[in-house]
Engineer: 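Before anything else, here's the structure in question.
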Amino acid sequence: MAERPDQKEHEFMVTAVEPASEPTLDGVAVTLVDARGGRVRLHMDTDMAELLRERISAALNKTIGP
């Protein structure tokens, strides 16, 4: 993962996907880490997690084929 200071993008790597730890949240939490070690936890409900799963699956199918 390379930093690109000339870009307006900030790149993160997914380092974990787990059930949401908060009892009030129904869904998953995705942990993202940037090149400098900064962390972000992205919480999503089950509907959004399912949509993300479907889109990742479709992207993988385009990349590696059926």
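Heavy-atom basis, side chains included; hydrogens, waters and symmetry copies ignored.
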Engineer: Can you list every salt bridge (Lys or Arg N to Asp or Glu O under 4.0 Å) pair that touches residues 38-47, not counting sequence neighbours?
Structural biologist: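 Qualifying pairs, neighbours excluded: E18-R41.
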Engineer: Go through it in stages, so that I can follow the logic: the residues are R36 and H10, the test is side chain to side chain contact (heavy atoms under 4.5 Å, CB included), and I'd like the CA-CA distance, side-chain angles, deciding distance and then a yes or no.
Structural biologist: CA-CA 11 Å; R36 295 178 301 240; H10 194 83; 2.8 Å; yes
Engineer: Sub-3.5 Å donor-acceptor pair from the side chain of S57 to the main-chain atoms of R53, do we have one?
Structural biologist: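 Answer holds: no.
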Engineer: Against F12, only a single residue in L32, L42, V33 fulfils side chain to side chain contact (heavy atoms under 4.5 Å, CB included); can you say which?
Structural biologist: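 Among the candidates, only L32 passes.
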Engineer: Which residues pass the side chain to side chain contact (heavy atoms under 4.5 Å, CB included) test with L52, sequence neighbours left out?
Structural biologist: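 Only M44, I56 meet the side chain to side chain contact (heavy atoms under 4.5 Å, CB included) criterion with L52.
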Engineer: Show the nearest heavy-atom pair for residues A49 and V28, with the distance to one decimal.
Structural biologist: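 Scanning both residues, the minimum pair turns out to be CB-CG2, 3.8 Å.
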Engineer: Side-chain contact test, heavy atoms from C-beta onward, threshold under 4.5 Å: evaluate it for V14 versus V30 and give yes or no.
Structural biologist: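 Result yes, sub-4.5 Å side-chain heavy-atom pair found.
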Engineer: In sequence, state the C-alpha distance, the side-chain angles, and the governing distance for L51 and R55, and then conclude on side chain to side chain contact (heavy atoms under 4.5 Å, CB included).
Structural biologist: CA-CA 6 Å; L51 178 61; R55 292 193 179 174; 3.7 Å; yes
